[in-house]
Number of protein chains: 2
Amino acid sequence: MLKFALLGFLLRQSMTGYDLAAAIRSSINFVWPAQLSQIYRTLGQLENDGLVVSEVVPQQGRPDRRVYSATDAGRQAFDGWLGELVTELDPVRTPFLVRFFFSGTRAPEEMVTQLRVLRDLHLRQRDQLAHELPGYIAEFAAANTTDDRDPLIWDAVRRAGEMHAQTWLDWIDETIARLEDAAGKAQPR
Amino acid sequence: MLKFALLGFLLRQSMTGYDLAAAIRSSINFVWPAQLSQIYRTLGQLENDGLVVSEVVPQQGRPDRRVYSATDAGRQAFDGWLGELVTELDPVRTPFLVRFFFSGTRAPEEMVTQLRVLRDLHLRQRDQLAHELPGYIAEFAAANTTDDRDPLIWDAVRRAGEMHAQTWLDWIDETIARLEDAAGKAQPR
DNA sequence: CCGCTATATGGCATGGCTCATATATAACTT
DNA sequence: AAGTTATATATGAGCCATGCCATATAGCGG
């Protein structure tokens, strides 16, 4: 996966691993975060497979930059990947829900507290996606050769994140209400 | 993660790895699927760590059953896990959105087609969560010692899946409309 | 002097995935 | 009647991607 994301960026513009990390951070981080170490390792594989090549650019004071560029084979691999058809939903792994599923033995107030904490996190996430990310994307677009449909698409991806964050907020509110309702009925008056 | 899920089930009821796979399939599969091989390996680790013990029950015709039970240490570990506070959102990895992010070079109709395929999958998923899962959960509840808050909680987890599936549907509709709108404007009359 | 930015690389642990294998019965399919 | 597939059960080998942590260098801002 990361493999293809890196190729995708490099096809727009050659850059270093460090730059790639920044590109990811200002774009797809919320759907596919990556550590620097992971990026470098993956670049190594890509180079091994001939999908990218690198060129060392000496620098003073800093480690030399190693600038990566996608090759023709890289473009082909990437295009193949883009053309793949979706046949199954990717499994979604949601640790929180697993925990929640098993927390029937816990005090209801504790569950509500946990939900409130989670709510805060999702709220921040939603606001970040709604307000901060657009700025990063604009910068990123300005710095990159962009197809004219890119802004629309990037915004759609951003929107997906925003909508899901909102759905979490709604779910949490609904769930807290249900828990409180049940607690109210359990020990009435 | 799986470790704790298994413990959670075993604390309700001792069972074999095979049974655990079935328990997962009829409950948290959509938030945490697991292969049989993975389950057995994890049970092995749990046993090593003294969190579960197993007892072999001979059978004719079939491989002997190895029935696992959670130990006291297992209960403690599990409780500790349940008590953990959420401090950060779990990263959500969504391969589809990564692909989508990079598909600016593709024909818009192709993107729409892909979105329609995805829509179908999410639609099925939503309906399954809305209609089939409740039945499984009911069966599962009948077969297990359940706390009286369990049904509420299990349904909340189910609802989270349903709501997220619905959000996907909404996002896809919105995105298709935006793409078609843009295409209409690009080549008018 | 601490910590951040820029840059690259290494090692180890974790946990998931795929595929293979073994065995017996029952239930379909041709 | 023969053959496939499914169900119940357990286990092993090997791959792969991620994660976390450490290290090296150097300049700049506090």
Side-chain angles (χ1 to χ4, degrees), chain A residues 1-7 14-26 28-49 51-52 54-68 81 88-95 98, chain B residues 1-7 14-26 28-49 51-68 81 87-95 98:
Chain A
M1 180 73 284
L2 181 56
K3 211 176 121 170
F4 293 110
L6 297 182
L7 268 177
S14 298
M15 51 184 140
T16 67
Y18 195 84
D19 296 334
L20 281 164
I24 289 178
R25 246 180 288 120
S26 60
I28 55 171
N29 201 252
F30 75 101
V31 277
W32 208 274
Q35 310 284 130
L36 253 183
S37 60
Q38 179 73 13
I39 292 173
Y40 286 115
R41 241 170 325 119
T42 307
L43 284 170
Q45 287 169 220
L46 285 168
E47 190 159 27
N48 252 318
D49 298 348
L51 306 183
V52 304
S54 65
E55 188 197 353
V56 175
V57 181
Q59 280 197 127
Q60 32 15 335
R62 320 248 149 122
D64 296 346
R65 298 169 52 101
R66 176 178 287 269
V67 178
Y68 288 88
W81 176 66
E88 282 189 19
L89 290 183
D90 309 307
V92 188
R93 299 183 171 274
T94 319
V98 179
Chain B
M1 180 75 281
L2 181 56
K3 210 175 121 169
F4 293 109
L6 298 181
L7 267 177
S14 298
M15 51 184 140
T16 68
Y18 195 85
D19 296 334
L20 281 165
I24 289 178
R25 245 180 291 118
S26 60
I28 56 171
N29 201 253
F30 76 100
V31 278
W32 208 274
Q35 308 287 128
L36 252 183
S37 59
Q38 180 73 13
I39 291 172
Y40 285 116
R41 239 177 329 118
T42 307
L43 284 170
Q45 287 169 219
L46 285 168
E47 191 157 28
N48 252 318
D49 298 347
L51 307 183
V52 305
V53 288
S54 65
E55 186 198 357
V56 175
V57 181
Q59 282 198 129
Q60 26 26 325
R62 319 250 150 120
D64 296 346
R65 299 172 51 110
R66 176 180 287 270
V67 179
Y68 289 88
W81 176 67
T87 57
E88 281 190 18
L89 291 182
D90 309 306
V92 189
R93 299 183 171 273
T94 321
V98 179

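As the structure is a computational prediction, the values presented were derived from the model and not from experiment. So that the names make sense, note that chain A is the first sequence line, chain B the second, and so on, each numbered from 1.
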**Report entry** Reported OG1-to-OH distance for the pair B/T16 and B/Y40, which is rounded to 0.5 angstrom
**Finding:** 5.5 Å
**Report entry** Whole-Å distance separating the CZ atom of B/R66 from the C1' atom of C/dA22
**Finding:** 16 Å
Report task. Taking only the side-chain nitrogens and oxygens of A/Y18, find out if one of them lies under 4.0 Å from OP1 or OP2 of C/dA6. Result -> yes
Query raised in the report: In whole Å, what is the span from the CG atom of B/D19 to the C1' atom of D/dT7?
Result: 13 Å
Query raised in the report: In B/S/- notation, 5' to 3', how is nucleotides 14-19 of chain D contacted by protein heavy atoms closer than 4.0 Å?
Result: B--SBB
Report summary line: dist B/F4:CZ -> B/T42:OG1 (nearest 0.5 Å) comes out at 11.5 Å
Requested in this report: Would you give the length of the straight line joining atom CG of A/L43 to atom CD of A/Q38, rounded to the nearest 0.5 angstrom?
Outcome: 10.0 Å
Report summary line: note: A/E88, atom CD; C/dT18, atom C1'; distance rounded to Å ~ 14 Å
Query - Distance (rounded to the nearest 0.5 Å) between A/L20 CG and A/M15 CE - result: 4.5 Å
Requested in this report: Can you measure from CZ (A/F30) to OG1 (B/T94) and round to the nearest 0.5 angstrom?
Outcome: 8.0 Å
Requested in this report: Taking only Lys NZ, Arg NE, NH1 and NH2, and the carboxylate oxygens of Asp or Glu, determine whether B/R65 and B/D19 approach each other closer than 4.0 Å.
Outcome: yes
Requested in this report: Would you work out how much the helix from C/dC1-D/dG30 to C/dT30-D/dA1 bends between its ends, with each end axis defined by five base pairs, to 10 degrees?
Outcome: 30°
Report task. In whole angstrom, give the distance that lies between atom CG of B/L36 and atom C1' of D/dA6. Result -> 14 Å
Report summary line: A/E55 CD to C/dA8 C1', in whole Å, measures 17 Å
Query - Option passing side-chain contact (heavy atoms from CB on, under 4.5 Å) with A/L6 (candidates A/V52, A/L51, A/I24) - result: A/I24
Report summary line: Closest non-hydrogen contact found for B/S14 with B/V67 is CB-CG1, 4.0 Å
Query raised in the report: Are B/Y40 and D/dA10 close enough that a side-chain N or O sits under 4.0 Å from OP1 or OP2?
Result: yes
Query raised in the report: Rounded to the Å, how far apart are B/I39 CD1 and D/dT11 P?
Result: 13 Å
Report task. Would you tell me if any nitrogen or oxygen in the side chain of A/R65 comes within less than 4.0 Å of OP1 or OP2 on C/dT7? Result -> yes
Report summary line: Here the gap from B/K3 atom NZ to B/M1 atom CE, rounded to the nearest 0.5 Å, amounts to 10.0 Å
Query raised in the report: To the nearest angstrom, how far is B/L20 atom CG from D/dT11 atom P?
Result: 13 Å
